[in-house]
Amino acid sequence: MSRIVYVNGDYLPEGDAKVSVFDRGFLFADGVYEVTSVLNRKLVDFDGHTARLQRSLDALDIKAPVNRDELLQIHRQLVTRNQIEDGLVYLQITRGPADRDFVYPKDATPSLVIFTQSKPGFADSPQARTGWTIITVEDLRWGRRDIKTTQLLYPSMAKMMAKAAGADDAWLVEQGKITEGTSNNAYIVKNGVIITRELSNDILHGITRAAVLRMAVSAQMRIDERPFTPAEAQAADEAFITSASNFVMPVVEIDGEKIGDGTPGPVARRLREIYIDEGRRTAI
Ligand code: PMP
């Protein structure tokens with residue numbers, strides 16, 4: 001399969017889509033990214049992702065190379081050209097090419113790369129019916145996890161540890177409390193209350209998290225934003241994760257311990273349904 005990829009103003013066959021070896025994204029992971037899901041050829045929560053992108057860029061003092069409307073137009077072009085019915089749009093902005101130096105140049109020209117990934121029918125993933133199994137590992141990431149940087153080596157290592165243990169993902173633990181998953185936000189449900197860590201520099205401010213919590217409030221569900229321990233999670237009635245690429249995914253086992261009866265719980269199933277319905281309805 002050959003995709004069309006957007007690179008700094010051009011739509012190119014993926015084999016021709018290239019950036020400089022001097023790009024600071026390559027040399028320093030000096031860049032940020034966003035992943036937006038596509039359902040029925042439309043973009044879910046596009047404005048949420050654009051707003052967070054701007055916050056990440058501001059935090060790193062990188063100037064946005066295009067505005068919101070241009071970004072939307074590029075996303076739509078790629079969805080059309082690559083015939084994405086369901087899938088993802090991946091966007092990356094780096095500080096751009098410069099001679100290697102820890103001091104970054106104020107006048108670098110940022111690089112913008114955007115590509116699609118086709119995932120036919122991924123909203124009906126069979127995994128959502130069985131749920132994920134999770135292991136916990138120490139959170140060894142840096143301290144500004146609220147900035148969505150491309151510095152993803154530790155999350156990738158943690159995901160590999162999960163795979164090696166026969167699990168689907170890892171939840172990261174810092175000072176005895178779960179921060180989040182390798183690439184998702186983490187939740188438990190106890191006595192009808194949804195518990196998830198509060199926003200801070202310790203976690204990424206998930207766009208799906210914001211939408212799901214808003215929908216939970218509308219559905220009269222109770223929410224407690226606070227850290228929780230792995231032991232508390234193992235004793236919970238339910239657990240789940242949220243992310244743009246997995247929507248709401250039930251978690252049925254943590255460190256070998258079944259959660260509830262070991263099947264996806266009603267709160268996770270309901271929130272998944274509401275989120276996907278609403279996502280389809282409001283996609284642009
Ligand atoms: N936390 C981390 C560490 C992530 O990488 C992601 C997804 N990139 C999320 C949470 C979920 O964020 P979103 O709902 O915006 O996809």
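Computed over heavy atoms, backbone and side chain alike; hydrogens, waters and symmetry mates excluded. Numbering of ligands and ligand atoms starts at 1, following listing order.
Listed by number with element, the atoms of ligand 1 under 4.0 Å from a non-hydrogen atom of Asn185 are 10 (C), 11 (C). Listed by number with element, the atoms of ligand 1 under 4.0 Å from a non-hydrogen atom of Tyr33 are 5 (O), 8 (N). Ligand-side atoms of ligand 1 in range of Thr182: 3 (C), range being under 4.0 angstrom from any heavy atom. Each of the following atoms of ligand 1 lies closer than 4.0 Å to a heavy atom of Ala244: 13 (P), 14 (O), 16 (O). Atoms of ligand 1 found under 4.0 Å from any heavy atom of Arg52, numbered from 1 in the order shown, are 12 (O), 13 (P), 15 (O). Taking every heavy atom of Gly206 and a limit of under 4.0 angstrom, the matching atoms of ligand 1 come to 12 (O), 13 (P), 14 (O), 15 (O).
When all heavy atoms of Ala123 and Leu39 are compared, the closest pair comes out as CB-CD2, 3.9 Å. Across all their heavy atoms, Glu225 and Leu199 have their closest contact at OE1-N, 4.4 Å.
Taking atom 8 (N) of ligand 1 as the reference point, the nearest protein heavy-atom neighbour is Lys148 NZ, 2.3 Å. When only non-hydrogen protein atoms are considered, atom 7 (C) of ligand 1 lies nearest to Ser183 O, 3.3 Å. Here the protein heavy atom with the shortest distance to atom 14 (O) of ligand 1 is Thr208 OG1, 2.6 Å. In this structure, atom 1 (N) of ligand 1 lies nearest to the protein heavy atom Glu180 OE1, 2.6 Å.
Ion pairing of Asp61 with Lys106 is present here, as a side-chain N (NZ or NE/NH1/NH2) and a carboxylate O approach within less than 4.0 Å. For Asp224 and Arg222, the salt-bridge test fails: no basic side-chain N is under 4.0 Å from an acidic carboxylate O. In summary, Arg281 and Glu278 engage in a salt bridge, as defined by a charged side-chain N under 4.0 Å from a carboxylate O.
Neither the backbone nor the side chain of Phe247 has any atom closer than 4.0 Å to an atom of ligand 1 (non-hydrogen atoms only). Residue contacts with ligand 1, taken as heavy atom pairs separated by less than 4.0 Å, involve Asn184 solely via the backbone atoms N, CA, C and O. Proximity of Ile203 to ligand 1, defined as any heavy-atom pair under 4.0 Å, is not found for any part of the residue. Heavy atoms of Arg141 found under 4.0 angstrom from ligand 1 belong exclusively to the side chain.
Put simply, the side chain of Asp23 gets close to the backbone of Gly25: a donor and an acceptor are under 3.5 Å apart. The main-chain N or O of Thr116 is never found under 3.5 Å from a side-chain atom of Asn82 such that the two would form a donor-acceptor pair.
Residue contacts with ligand 1: Gly181 is placed with no nitrogen or oxygen under 3.5 Å of a nitrogen or oxygen of the ligand (distance criterion only).
With ring centers used as reference points, Phe102 lies under 6.0 Å from Phe28.
Defined by atom type and a distance below 3.5 Å, a donor-acceptor pair is present between the side-chain atoms of Gln54 and Asp58. In summary, the side chains of Asp30 and Thr94 do not present any donor paired with an acceptor at a separation below 3.5 Å, with no hydrogens or angles considered.
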